[in-house]
Colleague: 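Pasting a structure below so you can have a look.
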Amino acid sequence: MREPSTAIIETNGGGVSSPPPQALLERLKDYGQEDVFSLWDELSNEERDFLVKDIESLDLSRIDRIIRCSLRSQGLPAAAIEPVPESNVSKVEERSQEERERWWKMGLKAISDGKVAVLLLSGGQGTRLGSSDPKGCFNIGLPSGKSLFQLQAERILCVQRLAAHATNESSASSVQIHWYIMTSPFTDEATRKFFESHKYFGLDAEQVTFFRQGTIPCVSKDGRIILETPYRVAKAPDGNGGVYSALKSTKLLEDMASKGIKYVDCYGVDNALV
């Protein structure tokens, strides 16, 4: 790719074209990413503004760390995966009936007290399932025709009823498990509309919180940032591991604390048996 111009040049129409912002260009050079401005001379002023804002929104130092770590790992042998030692595993079936009942009651009491939340990782699309919709909207072929979202919502409702009954609550609606649903920029709107059109599957809208995971730029095998268009950086969701930074940036950790939540059950939307 050609070196971005840093001098004022004449456009094809005979006008004067300004170079990319010098400070931003120098930052990109520090990380070897100045090629994102390689098509600058061919962009309109509006497209240039969009590209500059898009790049300025990136955490270049973090992206550089991720790229360097990934490149260093290429060719290294994969770590051995071994079973957890039997001595570290405790099976419910091996516990006494008294212990199991005690744990069951403790769990229902925590739910009844509003200390339990469910965290769903649901940023992916059903591409491998032949659908562009969010995975949670997918009908997995049950006779009921229920989607993954509906199956999971109904299980939350069921556990709420169990907790209300076990703790002698006058109404099951008085016991609520808050449901935090992580979407991505590609699934957020469709997920929200799906819940709204199905009236949250019987849950109260107030007990469901949607939040977006972050994105990171797509890069080539040699670590160069890829452009989706001449003026837009190609980005992809940052994976399930992005839940930690997303919870922090959206201040949902503080939200959980304010609600008195102490226990969080986290799972992936693909899990039909959760």
Side-chain angles (χ1 to χ4, degrees), residues 1-4 6 20-40 50-85 88 119-128 134-136 180-188 191 210-254 256 264-271:
M1 301 179 83
R2 65 177 183 274
E3 183 74 16
T6 57
Q22 188 63 30
L24 182 58
L25 180 59
E26 292 301 323
R27 283 185 61 212
L28 288 167
K29 285 183 177 179
D30 289 341
Y31 298 109
Q33 299 290 356
E34 64 271 19
D35 284 349
V36 294
F37 281 139
S38 61
L39 300 176
W40 179 266
F50 188 98
L51 179 60
V52 168
K53 290 178 181 177
D54 203 21
I55 296 171
E56 287 178 339
S57 70
L58 303 177
D59 186 342
L60 292 174
S61 61
R62 174 175 177 264
I63 293 166
D64 186 66
R65 290 195 303 271
I66 294 172
I67 292 172
R68 289 178 183 276
C69 182
S70 178
L71 292 176
R72 283 199 303 268
S73 69
Q74 292 182 10
L76 295 178
I81 301 175
E82 300 177 351
V84 175
N88 290 355
L119 175 55
L120 170 60
L121 308 177
S122 181
Q125 294 171 293
T127 308
R128 284 174 289 182
K135 283 184 188 177
Y180 294 92
I181 300 178
M182 186 176 78
T183 65
S184 73
F186 310 101
T187 64
D188 187 75
T191 299
F210 300 99
F211 68 103
R212 291 187 187 186
Q213 67 186 112
T215 60
I216 54 176
C218 301
V219 298
S220 62
K221 290 184 178 180
D222 60 355
R224 301 282 182 168
I225 291 176
I226 297 172
L227 294 179
E228 181 180 338
T229 70
Y231 58 90
R232 184 193 304 271
V233 175
K235 301 187 184 83
D238 57 6
N240 285 345
V243 66
Y244 302 106
S245 57
L247 286 173
K248 182 177 180 181
S249 64
T250 55
K251 299 190 181 301
L252 287 181
L253 294 176
E254 291 89 336
M256 291 178 183
V264 179
D265 181 25
C266 180
Y267 70 100
V269 71
D270 316 72
N271 192 343

Colleague: How close do I225 and V233 get, heavy atom to heavy atom, and via which atoms?
Modeller: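 In terms of heavy atoms, the two residues are closest at CG2-CG1, 3.7 Å.
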
Colleague: Might you point out which heavy atoms bring T229 and L227 nearest each other, and give the distance in Å?
Modeller: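 Nearest pair, atom of T229 first, then L227: O-CB, 3.2 Å.
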
Colleague: Taking the side chain as everything from C-beta on, heavy atoms only, tell me whether K135 gets closer than 4.5 Å to S122.
Modeller: no

Colleague: R65 versus R68: any side-chain heavy-atom pair under 4.5 Å?
Modeller: no

Colleague: Between the main-chain N or O of R27 and the side-chain N or O of Q33, is there a donor-acceptor pair closer than 3.5 Å?
Modeller: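 No: the side chain of Q33 does not pair with the backbone of R27.
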
Colleague: So L119 and D265, do their side chains get closer than 4.5 Å, heavy atoms only?
Modeller: no

Colleague: Could you state the interatomic distance from CD1 (I216) to CG (D59), rounded to the nearest 0.5 Å?
Modeller: 11.5 Å

Colleague: So, do F210 and T250 sit near enough that their side-chain heavy atoms are less than 4.5 Å apart?
Modeller: no

Colleague: Working to the nearest 0.5 Å, report the span between CG of D188 and CE of M182.
Modeller: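 Going from CG on D188 over to CE on M182, the span is 11.5 Å.
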
Colleague: Which heavy-atom pair separates F186 from K235 by the least distance, and what is that distance?
Modeller: CZ-O, 3.8 Å

Colleague: Check whether any side-chain N or O of R224 sits under 3.5 Å from a backbone N or O of G32 as a donor-acceptor pair, and report yes or no.
Modeller: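 Yes; judged by distance alone, with no hydrogens or angles, the pair exists.
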
Colleague: Looking only at non-hydrogen atoms, find the nearest pair between P230 and L39 and report the distance.
Modeller: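 Heavy atoms only, the tightest pair is CB-CD1, 3.7 Å.
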
Colleague: Just so I know, are the side chains of S245 and D238 near enough to count as touching, which here means a heavy-atom distance under 4.5 Å?
Modeller: yes

Colleague: Taking the side chain from Q213 and the backbone from A246, do they hold a donor-acceptor pair closer than 3.5 Å?
Modeller: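 Checking the backbone N and O of A246 against the side chain of Q213, no donor-acceptor pair under 3.5 Å is found.
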
Colleague: CD1/I66 to CG/D64 distance, rounded to the nearest 0.5 angstrom?
Modeller: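 I66 CD1 to D64 CG: 9.5 Å, rounded to 0.5 Å.
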
Colleague: Under a 4.5 Å cut-off applied to non-hydrogen side-chain atoms, are T183 and F211 in contact?
Modeller: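 No, every pair of side-chain atoms sits at 4.5 Å or beyond.
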
Colleague: With heavy-atom distances below 4.5 Å as the criterion, would you say the side chains of F37 and L24 are in contact?
Modeller: yes

Colleague: Does Y244 OH have over 12 foreign heavy atoms under 6.0 Å away?
Modeller: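 Count not over threshold, so no.
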
Colleague: Nearest 0.5 angstrom please: S220 OG to I67 CD1, how far?
Modeller: 8.0 Å

Colleague: Does any part of the side chain of L121, heavy atoms only, come nearer than 4.5 Å to the side chain of C266, both counted from C-beta?
Modeller: yes

Colleague: Heavy atoms only: give me the nearest R232-F50 pair and the separation to one decimal.
Modeller: NH1-CZ, 3.4 Å

Colleague: With rounding to the nearest 0.5 Å, note down the distance linking CG in L71 to NZ in K221.
Modeller: 12.0 Å

Colleague: List the atom of G268, the atom of L120, and the distance in Å for their closest heavy-atom pair.
Modeller: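 Scanning both residues completely, I find the closest heavy atoms to be C-CD1, 4.0 Å.
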
